[in-house]
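Every chain is numbered from 1, with letters handed out A, B, ... down the list of sequences.
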Protein chains: 2
Amino acid sequence: MTASEIRALFAVASRPEVVSLAGGMPNLAALPLDALSVEVADLVAREGQVALQYGSAQGVPALREQICEVMRLEGVNADPNDVVVTVGSQMALDLVTRIYCDPGDVVLAEGPSYVGALGSFAAYQARVVHVAMDADGLIPEALRDALRTLGAQGITPKFLYTIPNFHNPAGVTLAVERRSEVLEICAEYGVAVIEDNPYGLLGFSGRVYPALRSMDPGVVYLGSFSKTFASGLRVGWALVPPAVRDRLVLAAESATLCPPSFNQMLVSRYLEGHDWRSQIKTFTEVYRDRRDALLSALETYLPEGCSWNVPDGGFYVWLTVPEGVDTKAMLPRAVTARVAYASGTGFYADGLGSRQLRLSYCYPTPERITEGVRRLAAVLEAELDVMRTFGSPVRSASPPPAVGRGPQTPSPDTA
Amino acid sequence: MTASEIRALFAVASRPEVVSLAGGMPNLAALPLDALSVEVADLVAREGQVALQYGSAQGVPALREQICEVMRLEGVNADPNDVVVTVGSQMALDLVTRIYCDPGDVVLAEGPSYVGALGSFAAYQARVVHVAMDADGLIPEALRDALRTLGAQGITPKFLYTIPNFHNPAGVTLAVERRSEVLEICAEYGVAVIEDNPYGLLGFSGRVYPALRSMDPGVVYLGSFSKTFASGLRVGWALVPPAVRDRLVLAAESATLCPPSFNQMLVSRYLEGHDWRSQIKTFTEVYRDRRDALLSALETYLPEGCSWNVPDGGFYVWLTVPEGVDTKAMLPRAVTARVAYASGTGFYADGLGSRQLRLSYCYPTPERITEGVRRLAAVLEAELDVMRTFGSPVRSASPPPAVGRGPQTPSPDTA
């Protein structure tokens with residue numbers, strides 16, 4: 001199971017001697033813990049009777065208003081009544097899938113896509129059809145082709161699930177000029193759009209892209225404080241059209257009764273009393289440094305035949321390795337060499353991705369990242385050595401791989 | 001929808017002039033907020049990097065060990081590896097239903113049963129068959145009859161869902177001598193048992209009943225800190241047989257990735273550093289006083305033809321009103337008279353319960369409880385007046401109701 005793979009990787013990542021480039025854990029070193037400590041103490045002392053009590057299934061009203069302020073940065077004009085607070089945006093994703101899908105239904109998602117989304121789709125027995133990306137994100141023509149092909153079979157997908165900004169795992173961003181086109185295509189075919197946007201404010205240039213939801217109020221928007229504040233609080237949200245809202249609240253009530261009041265009130269106080277925009281800027285500087293360390297190490301150490309994207313934000317580099325190397329089969333050897341990554345097949349519902357892997361630069365220090373890539377390069381060299389010795393696809397008569405060495409735009413079939 | 005009924009009641013309950021006997025909100029007035037404030041400040045300052053970070057999908061290991069200690073009070077001998085921490089026990093209930101049930105499957109539950117359980121069963125399109133209770137809880141013969149009847153139709157229910165201690169909403173407790181019999185019957189018919197036990201430590205006599213799980217390691221046990229510590233933290237758990245554990249962890253991961261580390265670590269510190277047993281004793285004293293106030297007011301104010309149980313623990317009294325009164329139809333008039341309750345139909349999946357209602361004595365002060373019952377009695381008198389004036393089932397030729405005035409053991413068909 002792909003989810004258990006990720007879990008196993010997390011377990012390995014906890015060993016101190018392994019450099020984990022596998023997990024998507026945000027880097028919290030920059031958080032002002034002393035100030036937060038004072039804030040949370042005051043919350044319990046003054047508002048403990050409310051914070052420690054059940055709340056509404058939809059979430060704390062004050063926080064829902066603040067969430068609308070956060071989304072305004074991306075051009076979204078929302079009513080707090082249409083926001084449902086969830087236990088991380090994973091819960092929003094899971095419940096939206098529950099609402100939209102019956103077993104056997106088809107959903108569209110970029111290929112590759114977020115492993116947690118694929119897990120929820122599988123849990124509800126929805127079938128995933130992947131749509132290709134390139135360096136500018138989801139390819140509108142590929143989307144149209146997929147809809148046309150499905151349409152010919154009498155199938156209308158229940159929704160398009162897309163991560164437009166700093167994609168997990170591909171690291172690419174949907175070009176602004178493509179955004180309205182993607183929405184128009186989905187509207188034409190009567191397909192709902194689920195916009196998952198945990199990384200939108202984590203652009204390295206400071207640029208904030210307009211949300212799909214800012215262009216179409218019918219879009220379901222999923223947001224999270226896991227990457228912009230603290231993942232361990234598990235506070236995310238969905239902004240949904242009014243017609244979906246009541247069903248989502250009912251589903252949320254069935255799932256957890258209500259999200260924790262305590263966590264919501266702490267996030268609300270943080271947004272109210274702290275300079276959260278400047279904190280996000282600090283986070284992006286931390287991540288940019290780490291991205292730079294990763295890219296520089298990839299350039300320095302990786303063998304010929306590897307290619308990768310250059311992310312402008314977020315947490316991830318998507319790496320294509322030389323033909324003949326299977327990243328899933330290689331993983332145990334990599335872990336033995338004290339470096340972990342997420343192998344590519346977990347990000348596809350259809351078995352692709354064996355030549356890809358995801359590297360997360362968010363958590364380790366730049367020095368550890370460099371060391372991790374050095375180890376990964378040695379593992380790759382060893383794989384290639386074995387292949388050269390015993391014969392391999394690289395040495396075979398097949399055409400040379402399309403990729404060379406160094407940063408490249410991802411090709412449609414791999415990113 | 002029954003869940004929205006409850007939600008509407010919560011909204012009404014928030015108006016200060018209404019005495020709400022509707023919600024099941026625990027009374028947190030007795031919590032040591034100052035000590036908790038210091039504890040949580042220290043947690044963030046010293047362990048913030050872990051507490052604010054993603055954790056494992058199964059839950060914090062130290063807390064899982066402490067959960068086993070808590071369950072030991074009820075005779076349960078458990079391995080922390082078989083404990084899955086969830087966002088309240090509601091999430092455990094929801095996921096266990098997801099794992100066990102396909103649409104159309106049958107589950108057994110006491111009639112009446114917990115509204116949140118019925119909501120989850122409905123969400124997964126499971127069909128509920130109710131099993132009658134009396135003053136000693138679930139009636140083994142009724143369970144056997146239900147299984148026999150279903151068996152004749154070729155149906156094996158996926159599980160029996162039961163709340164053995166201080167039942168919500170019926171207020172009764174499964175007699176110890178019935179417990180092994182219930183387990184034997186389920187084993188005989190190959191039916192799993194889900195034991196939901198949020199109130200087990202809240203007995204007014206201090207007596208702790210042996211959990212069903214203590215008698216049979218195959219039982220799925222659901223527990224919660226919502227009633228023994230703080231509901232707003234949303235920390236519950238499931239103890240499951242090893243064969244179910246991996247599926248439950250996978251489902252939990254799909255649902256929320258992981259429960260909030262922060263909340264789990266706070267509960268863990270509370271269990272470690274505070275006298276939680278004595279705190280539970282304080283809670284039971286608070287609740288016993290309120291139960292006494294409620295029972296005394298019911299005796300004093302309610303008209304002829306009402307009956308109710310005398311709970312030995314937990315939060316609830318289940319009230320049967322005179323024949324001809326519909327508690328759901330009466331609710332708007334009660335709210336206008338500034339008292340709220342939960343009408344009985346929400347606790348049945350099959351339309352029963354129109355002559356019953358649930359009164360929660362957990363949250364209001366004894367004075368408010370008394371005033372609430374005084375108002376409820378006036379509303380009931382007015383209903384009876386209207387019925388006497390315009391003719392009613394009470395005055396009809398039908399046999400007199402089986403219930404009189406005062407505390408009674410619930411009859412099998414109503415509790």
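For the set B:G116, B:A255, B:A230, the count of heavy-atom pairs under 4.5 angstrom toward chain A peaks at B:A255. Among the candidates B:V44, B:L43, B:V50, B:T97, the residue making the largest number of heavy-atom pairs closer than 4.5 Å to chain A is B:V44. When each of B:S231, B:A35, B:G48 is scored by its heavy-atom pairs under 4.5 Å with chain A, the top score falls to B:S231. Here B:G232 is the residue among B:S120, B:A92, B:G232 with the most heavy-atom pairs under 4.5 Å with chain A.
Side-chain contact between A:L52 and B:L36 is present, with at least one heavy-atom pair separated by less than 4.5 Å. Counting only heavy atoms from C-beta outward, the side chains of B:S254 and A:D94 approach each other to under 4.5 Å. Taking 4.5 Å as the limit, some side-chain heavy atom of B:Y54 sits within range of a side-chain heavy atom of A:S226.
For A:L93, no part lies near chain B; criterion is any non-hydrogen pair under 4.5 Å. With a threshold of 4.5 angstrom between heavy atoms, A:Y124 approaches chain B through side-chain atoms but not through N, CA, C or O. If you measure heavy-atom distances from B:R98 to chain A, the contacts under 4.5 Å come from the side chain alone. Heavy atoms closer than 4.5 Å to chain A are found nowhere in B:L95, neither backbone nor side chain. With a 4.5 angstrom heavy-atom cutoff, B:Y363 touches chain A only via side-chain atoms. Looking at B:A123, the atoms closer than 4.5 Å to chain A (heavy atoms on both sides) all sit in the side chain, from C-beta outward. With a 4.5 angstrom heavy-atom cutoff, B:P259 touches chain A only via backbone atoms. No part of B:F121 comes within reach of chain A, as not one of its non-hydrogen atoms sits under 4.5 angstrom from that chain.
Residue B:S261 holds its OG atom at 9.0 Å from CG of A:L233, rounded to the nearest 0.5 Å. Distance check: A:L257 CG to B:R234 CZ gives 5.0 Å after rounding to the nearest 0.5 Å.
Environment of CZ in B:R247: sparse, with no more than 12 heavy atoms of neighbouring residues, nucleotides or ligands closer than 6.0 Å. Within a 6.0 Å sphere centred on CD of A:Q49, heavy atoms belonging to other residues, nucleotides or ligands number more than 12. More than 12 heavy atoms of other residues, nucleotides or ligands lie within 6.0 Å of CZ in B:R368, so this atom counts as buried by the packing criterion.
Inspection of non-hydrogen atoms places A:V87, A:Q90, A:M91 of residues 80-91 of chain A under 4.5 Å from chain B.
Side-chain atoms of A:Q53 come within 3.5 Å of backbone N or O of B:P26 as a donor-acceptor pair.
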